[in-house]
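The next block holds one structure in the form of structure tokens; read it before the comments.
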Amino acid sequence: MSVAMAAGSRLQLHGERQSGQDVRTQNVTAVSAVANIVKSSLGPVGLDKMLVDDIGDVTVTNDGATILKLLEIEHPAAKILVELAELQDAEVGDGTTSVVILAAEFLKRANELVRNKLHPTNIINGFRQAMRESCKFINRELAISTENIDNESLLNAAKTSMSSKIVGVEGDFFAQLVVDSIRAVKSVDEITERVRYPVKAVSVLKAHGKSARESRLLDGYALNLSRAAQGMPRRVVNAKIACLDMNLQKARLMMGVQVLVTDPAELEKIRARELDITKERIQKILASGANVVLTTKGIDDMALKYFVEAGVLAIRRVEKDDLKRIARATGATIVVTLADMEGNETFDPACLGTAAEVLEERISDDSITMIRGCESTKAVTLLLRGANDYMLDEMDRSIHDSLCVVKRVLESNSVVPGGGCVETALSVHLESFASNLGSKEQLAIREFANALLVLPKTLAVNAAKDATELVAALRSAHYQAQNDATGESKDLAHQGLDLIQGKIRDNFKAGVLEPSLSKTKMIQFATEAAITILRIDDLIRLDPNPEAEQ
């Protein structure tokens with residue numbers, strides 16, 4: 001007995017421990033609180049959120065991933081939802097709000113089952129089974145192949161993605177811009193021969209003034225920067241582009257290096273040599289044949305003089321991300337240092353990229369630099385116009401989501417009807433699937449099926465419609481479609497919500513389309529996140545160590 005007590009005293013924790021049902025309830029409460037923040041922003045009639053950070057910067061958005069990123073969430077379980085939204089944003093680009101709402105609902109239902117004495121392992125197995133069956137059903141029954149994809153399907157997918165955003169009012173106009181821009185950057189991998197549509201090859205530039213409809217597509221990669229000196233040429237044809245990530249300012253001694261000089265004449269020599277080092281570097285770059293120089297760092301006045309004399313267009317303080325994209329598009333290599341293996345300084349002409357022309361244009365109150373006719377991949381720029389910064393930032397986020405959606409449709413070659421169609425069809429299918437199982441997992445799959453209905457319900461509530469009536473009508477239509485042996489009700493399989501009229505309709509014919517990948521990833525990510533949090537049955541918070549603080 002005394003040994004056990006001694007062992008117990010050694011294992012005492014400096015902190016608090018919660019276990020069992022208390023932890024699960026706390027996790028579900030935290031996750032639900034996060035989901036409730038973004039719930040009202042779901043769908044084409046969702047509302048926006050205004051977020052003000054600690055220094056007063058304002059963001060107005062209804063993009064789920066952006067909202068959660070800006071919320072400084074401390075609860076460890078709720079942080080999983082933030083990562084989940086970011087993952088959906090990176091993988092698909094759209095559906096970030098849906099995935100968070102769905103994960104929270106799965107967790108809420110699972111917690112109820114645990115309270116009703118069902119073991120978490122059975123629930124996890126049931127959820128995994130339901131997830132696999134859902135993905136199979138989407139690909140088998142709901143996905144509509146777009147092998148010979150027509151422009152209309154792409155425009156509809158882009159419009160559906162924009163419908164809930166600030167640019168939704170001008171959906172037709174912006175959908176056309178998005179489809180044109182993503183098709184313009186089409187590239188084929190030489191090794192695998194796969195067709196790729198890199199979203200990063202579409203540069204988005206924001207300029208104040210005029211209306212949103214004045215936005216346009218520019219041929220070439222645009223930089224929101226002008227040439228470093230007025231004496232430089234405005235236009236360079238057959239550009240040889242040097243991409244540098246180094247300073248072209250007067251060379252200074254490294255930090256911590258001290259030179260003791262006894263003769264003042266020597267000091268002048270050191271100063272002259274500092275100037276000569278930069279001059280020699282510039283001459284090496286120019287000798288390689290470069291006639292356009294882009295650098296992420298600074299170029300001082302003395303260095304600019306050499307570029308102006310050589311008739312070279314130089315741009316300083318280029319964003320690193322922009323430089324990487326330009327290097328990829330023009331076939332250039334970013335040079336960090338001129339040092340070679342022998343310890344000398346050289347600039348290899350093979351590091352230069354090529355473009356048909358580089359020129360400076362004036363847009364709004366600013367000058368921009370356009371790089372056209374890139375060698376490796378075609379680059380285009382979307383120039384967005386709008387009234388203020390908040391509007392332009394939200395337009396940028398909306399356009400990015402739509403670009404990702406169109407890319408996914410083109411790469412996966414399949415779409416599904418939107419407006420709650422997929423979730424309701426899955427809910428009806430999983431209920432009949434669960435009835436065929438004779439194990440405890442049946443209960444978990446039933447709850448999974450009911451949880452999926454949270455999305456059509458939320459869509460209807462946000463549109464100020466009767467959610468109960470609409471979801472019941474939707475379930476009835478999908479039940480008929482799935483259980484009709486004659487095949488007469490097959491058309492009902494595409495029924496979804498019309499949130500403007502407040503009724504159900506064929507969303508495929510209405511042009512409400514989403515990439516099928518978006519739905520399968522959403523269900524997979526939401527299930528995995530719910531399972532991750534459901535596994536937790538112990539929470540130990542350690543107090544700060546008083547000895548360490550001293």
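Model, not experiment: these values are computed from the prediction.
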Going by atom types alone, do [X] and [Y] pair a side-chain donor with an acceptor below 3.5 Å?
X      : Y      : result
Thr59  : Lys49  : no
Asn125 : Gln129 : no
Arg475 : Ser427 : yes
Thr96  : Gln88  : no

Just how far is it from atom [atom1] of [X] to atom [atom2] of [Y], taken to the nearest 0.5 Å?
X      : Y      : atom1 : atom2 : answer
Asn139 : Lys519 : CG    : NZ    : 13.5 Å
Lys200 : Leu403 : NZ    : CG    : 13.5 Å
Met522 : Thr527 : CE    : OG1   : 9.0 Å
Ser181 : Leu217 : OG    : CG    : 5.5 Å
Leu102 : Leu453 : CG    : CG    : 10.5 Å
Arg505 : Lys509 : CZ    : NZ    : 12.5 Å

Q.
Please determine whether side chain to side chain contact (heavy atoms under 4.5 Å, CB included) holds for the pair Ser435 and Arg446, giving the CA-CA distance in whole Å, both sets of side-chain angles, and the decisive distance to 0.1 Å.
A. CA-CA 9 Å; Ser435 305; Arg446 244 177 227 289; 3.2 Å; yes
Q: Please work out whether the ring planes of Phe106 and Phe448 are parallel, tilted or perpendicular, with thresholds of 30° and 60°.
A: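 Phe106 and Phe448: parallel rings.
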Salt-bridged, [X] to [Y], with N to O below 4.0 Å?
X      : Y      : result
Arg196 : Glu411 : no
Glu152 : Lys159 : no
Glu105 : Arg109 : yes
Arg397 : Asp63  : no

Q. Looking at Val454, Val461, Val100, which one forms a side-chain contact (heavy atoms from CB on, under 4.5 Å) with Lys39?
A. Val454
Q. Please walk me through it: do Ile523 and Ile138 pass side chain to side chain contact (heavy atoms under 4.5 Å, CB included)?
A. CA-CA 11 Å; Ile523 290 165; Ile138 289 173; 3.9 Å; yes
Crowded around [X] [atom1]? As in, over 12 foreign heavy atoms under 6.0 Å?
X      : atom1 : result
Lys206 : NZ    : yes
Arg140 : CZ    : yes
Tyr479 : OH    : no
Tyr390 : OH    : no
His400 : NE2   : no

Grab the two heavy atoms, one from [X] and one from [Y], that are nearest each other, plus how far apart they are.
X      : Y      : answer
Val188 : Val195 : CG2-CG2, 4.3 Å
Pro44  : Leu459 : CD-CD2, 4.3 Å
Leu68  : Ala85  : CD1-CB, 3.8 Å
Ile533 : Ile80  : CG1-CD1, 3.7 Å
Ser203 : Ala222 : OG-O, 3.6 Å
Ala329 : Cys374 : O-CB, 3.3 Å

Please tell me if the side chains of [X] and [Y] come closer than 4.5 Å, counting only heavy atoms from C-beta onward.
X      : Y      : answer
Gln495 : Cys421 : no
Tyr221 : Val380 : no
Arg385 : Ser211 : no
Val422 : Ser516 : no
Leu177 : Ser215 : yes
Leu470 : Lys457 : no
Leu154 : Arg183 : yes
Asn62  : Leu47  : no

Q. Between Gln176 and Asp172, is a side-chain hydrogen bond (donor to acceptor under 3.5 Å, both in side chains) present by the stated rule, with each step listed?
A. CA-CA 6 Å; Gln176 191 65 57; Asp172 294 337; over 6 Å; no
Indicate yes or no for a side-chain donor-acceptor contact from [X] to the backbone of [Y] under 3.5 Å, with no hydrogens or angles considered.
X      : Y      : answer
Ser32  : Val28  : yes
Asp53  : Gly56  : yes
Gln442 : Ala434 : yes

Q.
Walk me through whether Glu528 and Arg128 qualify under salt bridge (charged side-chain N to carboxylate O under 4.0 Å, His left out).
A. CA-CA 8 Å; Glu528 289 299 338; Arg128 284 239 163 91; 3.3 Å; yes
Q) For Glu91, which of Lys407, Arg408, Lys521 qualifies under salt bridge (charged side-chain N to carboxylate O under 4.0 Å, His left out)? A)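 Of the listed residues Lys407, Arg408, Lys521, the salt bridge (charged side-chain N to carboxylate O under 4.0 Å, His left out) partner of Glu91 is Lys521.
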Q.
Quick check on salt bridge (charged side-chain N to carboxylate O under 4.0 Å, His left out): which of Asp401, Asp48, Asp393, Asp396 does Lys165 satisfy it with?
A.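 With Lys165 as partner, salt bridge (charged side-chain N to carboxylate O under 4.0 Å, His left out) holds for just one option, Asp401.
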Q | Residue list, side chain to side chain donor-acceptor pair (under 3.5 Å) with Glu141, at least two apart or on another chain | A |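 So Glu141 forms no side chain to side chain donor-acceptor pair (under 3.5 Å) with any residue.
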(Q) side chain to side chain contact (heavy atoms under 4.5 Å, CB included) for Glu514 and Val405? Distances and angles first, verdict last. (A) CA-CA 7 Å; Glu514 296 179 60; Val405 164; over 6 Å; no
Q) Is there a side chain to side chain contact (heavy atoms under 4.5 Å, CB included) between Phe174 and Ser402 once you walk through the steps? A) CA-CA 9 Å; Phe174 279 103; Ser402 292; over 6 Å; no
